[in-house]
Undergrad: 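One structure coming up, written as structure tokens, with questions to follow.
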Amino acid sequence: DKTAGQSDRIAAILALEAIRDDRAVPVLMSIIQDQDDSPIIRGEAEERLSFFHAPEAVSLYITALQDKSADVRFWAAYGLRCTADERDISAALHLLDHVVAFDEESPQGWWHVGREAMSALGCLWYPQETTDKAGRHYVVTQTYLISPLLEYADFQRASWQREGEERRWQPLQQSTTLRLDPAWLSDQLKQQWQGIRFNVIEPQPQSLILNWEIDMPNGLLLGGLHRDGYGIMLTNRSYDDVLDFAVWYRSIISPEHPLRLYEWADSGRELRPGMTVDELKG
């Protein structure tokens, strides 16, 4: 009911998700596809639709990932990652790669769309997916980002500016002088990990200018250098292996560059020069 207030409509969407009645699915899908509806409402419907793991949601999210609204694209990326827990989202591969490479628009209250789409893309690239006894597809990997800039929840907090008693959203403007030469980075990686394999992702992605896979103690670690020249994307099953890589990576980057390790949507963990894995865990 578009004559109802926005907060009332959001409350109704939340209630439909909470009771998990599948009759909500076509209602939510209708809202998402309505170009005349509020992007905030459409985004809320996208987020809540993901909890139903509806097979028809995948094609809807793919379409929404191309929407003119950053809000709608952002929640389409979120929805694809959540849907990937039980559904095959491989049809979104090329579009997710493009979004991770180029979409730097930030919807109000969140980080930019390309960073949000990283997790869904990472789980598509990772070669070890799982099917349970009932034949349901699900993903058990996680994607991380090492960055010299504020990302995810840190970017979100820094972008809310307080004016008296009011808060105003102003996306944080930031930059870094860190630019990694792919040839130099590949040499460093080869010195540290014998048997490392480069450019293993097929087709070669737009979003990464170098990618690799390493056999770590707890499994495969998939990594890549983002086309921005400073973001390191990592996907695997073991957090300990990610920490091992992060501490090594900190050791080869000049201390003049701050670095943080981010898990999708969380605050960053500072990577201090000289720190150990145990210190990072703590």
Side-chain angles (χ1 to χ4, degrees), residues 58 61-67 70 72-84 88-107 110-129 139 141-152 155 171 174-176 178-186 189 196-214 220-236 242 245-246 249 253 259-266 268:
V58 176
Y61 284 136
I62 291 173
T63 299
L65 201 57
Q66 303 167 77
D67 198 88
V72 174
R73 299 196 307 275
F74 183 95
W75 290 109
Y78 172 89
L80 282 167
R81 177 60 187 89
C82 293
T83 302
D88 180 7
I89 65 165
S90 58
L93 174 62
H94 297 294
L95 184 56
L96 282 168
D97 182 32
H98 181 84
V99 169
V100 170
F102 301 110
D103 196 335
E104 298 182 355
E105 190 172 357
S106 301
W110 303 98
W111 40 91
H112 70 68
V113 179
R115 291 304 200 231
E116 178 64 14
M118 266 191 175
S119 190
L121 184 58
C123 78
L124 279 176
W125 279 339
Y126 199 84
Q128 299 181 33
E129 299 172 346
V139 176
T141 57
Q142 184 58 279
T143 294
Y144 304 83
L145 172 68
I146 302 176
S147 175
L149 301 183
L150 298 182
E151 309 273 3
Y152 294 106
F155 173 86
Q174 55 182 341
S175 62
T176 178
L178 178 60
R179 291 294 183 276
L180 296 175
D181 175 13
W184 174 84
L185 180 58
S186 62
L189 287 161
I196 186 172
R197 298 170 292 278
F198 290 100
N199 297 324
V200 294
I201 299 173
E202 294 293 345
Q204 289 297 300
Q206 301 178 75
S207 53
L208 302 179
I209 53 179
L210 177 69
N211 65 83
W212 60 84
E213 62 181 19
I214 306 170
L220 189 70
L221 175 68
L222 185 67
L225 173 61
H226 192 274
R227 65 178 296 117
D228 58 25
Y230 63 80
I232 298 293
M233 182 177 171
L234 304 169
T235 302
N236 87 334
V242 170
F245 183 94
Y249 179 71
I253 301 299
L259 292 176
R260 294 177 179 83
L261 172 65
Y262 289 92
E263 188 171 351
W264 182 41
D266 288 346

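Computed from a predicted structure; not experimentally measured.
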Undergrad: Step by step, would you call Arg81 with Tyr61 a side-chain contact (heavy atoms from CB on, under 4.5 Å)?
TA: CA-CA 10 Å; Arg81 177 60 187 89; Tyr61 284 136; over 6 Å; no
Undergrad: Before giving the answer on side-chain contact (heavy atoms from CB on, under 4.5 Å), spell out for Met118 and Leu145 the whole-Å C-alpha distance, their side-chain angles and the decisive distance to 0.1 Å.
TA: CA-CA 9 Å; Met118 266 191 175; Leu145 172 68; 3.9 Å; yes
Undergrad: On a heavy-atom basis, which atom in Leu65 and which in Ala77 lie closest, and how many Å separate them?
TA: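 Scanning both residues completely, I find the closest heavy atoms to be CD1-N, 3.8 Å.
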Undergrad: How close do Leu124 and Ala92 get, counting heavy atoms only, and between which atoms?
TA: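 That would be CD1-C, 4.5 Å.
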Undergrad: With heavy-atom distances below 4.5 Å as the criterion, would you say the side chains of Gln174 and Phe155 are in contact?
TA: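 Side-chain contact under 4.5 Å: yes.
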Undergrad: Which atom pair, heavy atoms only, marks the closest approach of Leu220 to Asn236?
TA: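 Heavy atoms only, the tightest pair is O-CB, 3.0 Å.
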Undergrad: Classify the ring geometry of Trp75 against Trp110: parallel below 30°, tilted from 30° to 60°, perpendicular beyond 60°.
TA: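 Rings of Trp75 and Trp110: perpendicular, as their planes differ by over 60°.
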Undergrad: For a quick test of reading the model, state the closest non-hydrogen atom pair linking Asn199 to Gln204 and the distance between them.
TA: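 Result for this residue pair: O-NE2, 3.2 Å.
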Undergrad: Quick one: pull up NE2 in His98 and NE2 in His94 and give me the separation to the nearest 0.5 Å.
TA: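 Between atom NE2 of His98 and atom NE2 of His94 there are 13.0 Å.
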Undergrad: Under a 4.0 Å threshold between the charged nitrogen and the carboxylate oxygen, would Glu151 count as salt-bridged to Arg260?
TA: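 No salt bridge links Arg260 with Glu151.
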Undergrad: Which heavy atom of Gly122 sits nearest to which heavy atom of Thr143, and what is that distance?
TA: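 Shortest heavy-atom separation between Gly122 and Thr143 comes out as CA-OG1, 3.6 Å.
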Undergrad: Do Gln142 and Ser119 come within less than 4.5 Å of each other through their side chains, counting heavy atoms only?
TA: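 In short, these two side chains touch, coming nearer than 4.5 Å.
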Undergrad: Are the side chains of Ser147 and Leu259 in contact, using a 4.5 Å heavy-atom criterion?
TA: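 Counting from C-beta outward, Leu259 and Ser147 never come under 4.5 Å.
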Undergrad: Measuring from Leu80:CG to Leu121:CG, what's the distance to the nearest 0.5 Å?
TA: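 It is 10.5 Å, given to the nearest 0.5 Å.
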Undergrad: Does Asn211 use its side chain to pair, donor to acceptor, with the backbone of Gly223 at less than 3.5 Å?
TA: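 The answer is no, because no donor-acceptor pair under 3.5 Å joins these two groups.
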Undergrad: When you compare the side chain of Glu263 with that of Asp266, does any pair of heavy atoms fall below 4.5 Å?
TA: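 Contact flag for Asp266/Glu263 side chains = yes.
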Undergrad: Within the 4.5 Å heavy-atom criterion, are Ile253 and Leu180 side-chain neighbours or not?
TA: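 Sidechains of Leu180 and Ile253: in contact.
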Undergrad: Could you walk me through whether Leu96 and Trp125 pass the side-chain contact (heavy atoms from CB on, under 4.5 Å) check?
TA: CA-CA 11 Å; Leu96 282 168; Trp125 279 339; over 6 Å; no
Undergrad: If you round to the nearest 0.5 Å, how far is CG of Leu189 from CG of Leu210?
TA: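 Here the rounded value is 7.0 Å.
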Undergrad: How would you list all residue pairs meeting salt bridge (charged side-chain N to carboxylate O under 4.0 Å, His left out) that involve residues 89-104, not counting sequence neighbours?
TA: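 Matches after skipping sequence neighbours: Arg73-Asp103.
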Undergrad: Taking the side chain as everything from C-beta on, heavy atoms only, tell me whether Leu222 gets closer than 4.5 Å to Val200.
TA: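 Sidechains of Val200 and Leu222: in contact.
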Undergrad: Quick check for you: to the nearest 0.5 Å, what is the distance between Ile209 atom CD1 and Asp228 atom CG?
TA: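 With rounding to 0.5 Å, CD1 (Ile209) is 8.0 Å from CG (Asp228).
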Undergrad: Heavy atoms only: give me the nearest Ile62-Leu95 pair and the separation to one decimal.
TA: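 Nearest heavy atoms, Ile62 then Leu95: O-CD2, 3.3 Å.
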Undergrad: Is the backbone of Gln206 close enough, under 3.5 Å, to the side chain of Arg227 for a donor and an acceptor to pair up by distance?
TA: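 Between the backbone of Gln206 and the side chain of Arg227 there is a qualifying donor-acceptor contact (under 3.5 Å).
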Undergrad: Would you say the ring centers of Trp264 and Trp111 fall short of 6.0 Å from each other?
TA: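 No - the distance between ring centres of Trp264 and Trp111 does not fall below the 6.0 Å cut-off.
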Undergrad: Does some side-chain heavy atom of Ile201 sit less than 4.5 Å from a side-chain heavy atom of Leu208?
TA: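 In short, these two side chains touch, coming nearer than 4.5 Å.
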Undergrad: Using modelled atom types only, decide if a donor and an acceptor are shared between the side chain of Tyr78 and the backbone of Ala117 within a distance under 3.5 Å.
TA: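 Flag not set: sc Tyr78 to bb Ala117 has no pair under 3.5 Å.
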Undergrad: Return the CD1 to CG distance between Ile146 and Leu225, rounded to the nearest 0.5 Å.
TA: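 Answer rounded to 0.5 Å: 11.0 Å.
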Undergrad: Is the closest side-chain heavy-atom distance between Tyr152 and Arg115 below 4.5 Å?
TA: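 Side-chain contact under 4.5 Å: yes.
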Undergrad: List in chain and number order the residues that pass ring-ring contact (aromatic ring centres under 6.0 Å, His included) with Tyr144, two or more places apart in sequence or in another chain; answer none if no residue qualifies.
TA: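 Tyr239.
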Undergrad: Could you check, using the six-membered ring where one of them is a Trp, whether Tyr230 and His226 have ring centers closer than 6.0 angstrom?
TA: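 No; His226 has its ring centre 6.0 Å or more from that of Tyr230.
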Undergrad: Any donor-acceptor pair under 3.5 Å linking the side-chain atoms of Thr235 with those of Thr141?
TA: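 Note: Thr141 and Thr235 side chains miss the donor-acceptor criterion.
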Undergrad: Hey, is the main chain of Ile232 close enough, under 3.5 Å, to the side chain of Tyr249 for a donor-acceptor pair?
TA: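 Side chain of Tyr249 to backbone of Ile232: no pair is present.
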Undergrad: Working to the nearest 0.5 Å, report the span between CD1 of Ile89 and SG of Cys123.
TA: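 It comes to 4.5 Å.
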